[in-house]
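Here is the structure we will look at.
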Amino acid sequence: MDLDNGGCMRIDAHQHFWLLSNRAGQWPPAELAAIHRDFLPPDLAPLLQQYGIGGSVLVQSLPSMSDTLFMLGLAEQNPFIRAVVGWTDLKSAHAAQQIAVLASHSKMRGLRPMLPDLADDWIADPLLAPAVAAMQRHRLSLDALVLPRHLPALLAFAKRYPELPLVIDHAAKPHIAAAQIEPWRTLISQLAALPQVYCKLSGLVTEAAADWQIAQLQPYAAHVLEAFGAERVIWGSDWPVLNLAADYGRWLDASEALLAKLDPGQKQQVMGANAQRFYRL
């Protein structure tokens, strides 16, 4: 079953592509058999068509400039890729110049540091100021790939830069399998109090137990919707990482259940309109 978006274009605001030959032993490892292969636009396009998704936001999954340029090349060749969120070293002495180069691409919309691989307080470092200023000049947003332990530092960062649009990927990957909701819940509420901060409803199933049920996801999705409101929640699939725990159709069915209390206009916002506004699609 797919979600009726009332005529508003639905956007998958979080998906990835990769070639294993470009990753030289980096993630994903071979033991993640479901995703240890190449994933390219011809793999996703039929799913978007099948489920009535009008476009996607392609997000980085490797901290390299070459991977970002690879994604921008795919976006040029595939109209369904509406925007790219890439990577550059935001603490480099050359960050401002690199950001200017990337922003010259018509579909470049944001940058994403991979915080789980960095120090917990990396994002709160004032040395990021020149890069943030460049992002603001070029109208780029920040995707925050974080775990719950990063949220205090992310809160400090977001308070320091109230003019920088920021979206929390995968609802900050709460510990769903352990049924642990605090301090995630409190910290999410504090971030949601800042009007420039959005949150992606994505990646929940890979944080749940292997035999996950919608009831396990419900408290986390409900809190995201309550804290941010329907106007600042953005739906995404996290495909193909999604394949570790579900498939595209099952995640759409789960999303329909998680959004069941929203009215049609609110559902349109979450399923597409918010992504269009946030990423300037």
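Everything numeric in this text was worked out from a predicted model, so none of it was measured.
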Hey, does I123 have a side-chain heavy atom less than 4.5 Å from the side chain of V146?
no
From D120 CG over to L154 CG, what is the distance, rounded to the nearest 0.5 angstrom?
12.0 Å
Linked, directly or transitively: W122 and M135 (ILVMFWY side chains, under 4.5 Å):
yes
Report whether L145 and F157 are members of the same hydrophobic cluster (ILVMFWY, side-chain heavy atoms less than 4.5 Å apart, transitive linking).
no
Ignoring hydrogens, what is the shortest heavy-atom contact between L20 and D38? Give both atom names and the distance.
N-OD1, 2.8 Å
When rounded to the nearest 0.5 angstrom, what is the spacing between CZ in R160 and CG in L128?
8.5 Å
When rounded to the nearest 0.5 angstrom, what is the spacing between CZ in F17 and CG in N22?
14.0 Å
For Q15 and L44, indicate whether the former's side chain and the latter's backbone hold a donor-acceptor pair under 3.5 Å.
no
Return the minimal non-hydrogen interatomic distance between W235 and I53, and the atom names on each side.
CZ3-CD1, 4.3 Å
Can you list every pair that meets side-chain hydrogen bond (donor to acceptor under 3.5 Å, both in side chains) and has a residue in residues 212-223, with sequence neighbours left out?
S189-H223
Hey, is the main chain of A192 close enough, under 3.5 Å, to the side chain of R232 for a donor-acceptor pair?
yes
Quick one: does H14's side chain have a donor or acceptor within less than 3.5 Å of a partner on K200's backbone?
no
Where L187 and P152 come nearest, the two heavy atoms and their spacing:
CD1-CD, 4.0 Å
Donor-acceptor pair, W184 side chain versus K173 backbone, under 3.5 Å?
no
Enter the distance from S56:OG to L48:CG here, rounded to the nearest 0.5 Å.
6.0 Å
As a quick check of understanding, evaluate side chain to side chain contact (heavy atoms under 4.5 Å, CB included) for L147 and L115, giving each step before the final call.
CA-CA 8 Å; L147 303 173; L115 269 63; over 6 Å; no
Polar side-chain atom of D169 near backbone of D143 as donor-acceptor pair, under 3.5 Å
no
In terms of heavy-atom contacts, L191 and L155 come closest through CD2-CA, 3.7 Å
For residues Y279 and V167, determine if any side-chain heavy atom of one lies less than 4.5 Å from a side-chain heavy atom of the other.
yes
Tell me, do L201 and L225 make a side-chain contact under 4.5 Å, heavy atoms counted?
no
Derivation and outcome, side chain to side chain contact (heavy atoms under 4.5 Å, CB included), residues R280 and R139
CA-CA 9 Å; R280 301 183 289 110; R139 300 183 68 198; 2.9 Å; yes
For D238 and S202, which I'm curious about, is there any donor-acceptor pair between the side chains at under 3.5 Å?
no
With heavy-atom distances below 4.5 Å as the criterion, would you say the side chains of Q98 and M65 are in contact?
yes
Could you tell me whether a side-chain N or O of R109 sits under 3.5 Å from a main-chain N or O of S141, the two making a donor and an acceptor?
no
Atom pair CD1 (I11) and CZ (R277), whose distance is rounded to the nearest 0.5 Å
13.0 Å
Is the shortest heavy-atom distance from the side chain of P219 to the side chain of I181 under 4.5 Å?
yes
With a sphere of 6.0 Å drawn around CD of Q26, does it hold more than 12 non-hydrogen atoms of other residues, nucleotides or ligands?
yes
Hydrophobic cluster identity match, L62 and V85, side-chain contacts under 4.5 Å:
no
More than 12 heavy atoms from other groups under 6.0 Å of CZ on R37
yes
Is there a continuous path of hydrophobic side-chain contacts, each under 4.5 Å between heavy atoms, that joins V57 to M9?
yes
N/O donor-acceptor pair under 3.5 Å between R112 side chain and Q60 backbone:
yes
Does a donor on one side chain sit under 3.5 Å from an acceptor on the other, for S61 and W18?
no
Show every side-chain hydrogen bond (donor to acceptor under 3.5 Å, both in side chains) that has at least one partner inside residues 70-91, sequence neighbours left out.
K91-D125
Heavy-atom side-chain contact between P174 and Q180 under 4.5 Å
no
Does V224 reach the side chain of I168, with side-chain heavy atoms less than 4.5 Å apart?
no
Tell me if a side-chain donor or acceptor on R250 pairs with a main-chain N or O of A254 at a distance below 3.5 Å.
no
Assess whether side chain to side chain contact (heavy atoms under 4.5 Å, CB included) is satisfied between I214 and D253, documenting all intermediate values.
CA-CA 10 Å; I214 290 169; D253 284 349; 6.0 Å; no
Check for me, please, whether F70 and M114 land in the same ILVMFWY cluster - side-chain distances under 4.5 Å, paths through other members count.
no
Can you name the closest pair of heavy atoms from I35 and P28 and give their distance?
O-CG, 3.5 Å
Please answer whether the main-chain N or O of V233 pairs with a side-chain N or O of N274 as donor and acceptor at a distance below 3.5 Å.
yes
Between the main-chain N or O of G203 and the side-chain N or O of T206, is there a donor-acceptor pair closer than 3.5 Å?
yes
Heavy-atom pair with the smallest gap, counting every atom of A158 and V197:
CB-CG2, 4.1 Å
Do L164 and L140 make a side-chain contact, defined as non-hydrogen atoms from C-beta onward lying under 4.5 Å apart?
no
Rounded to the nearest 0.5 Å, how far does CG of D12 lie from CG of L58?
10.5 Å
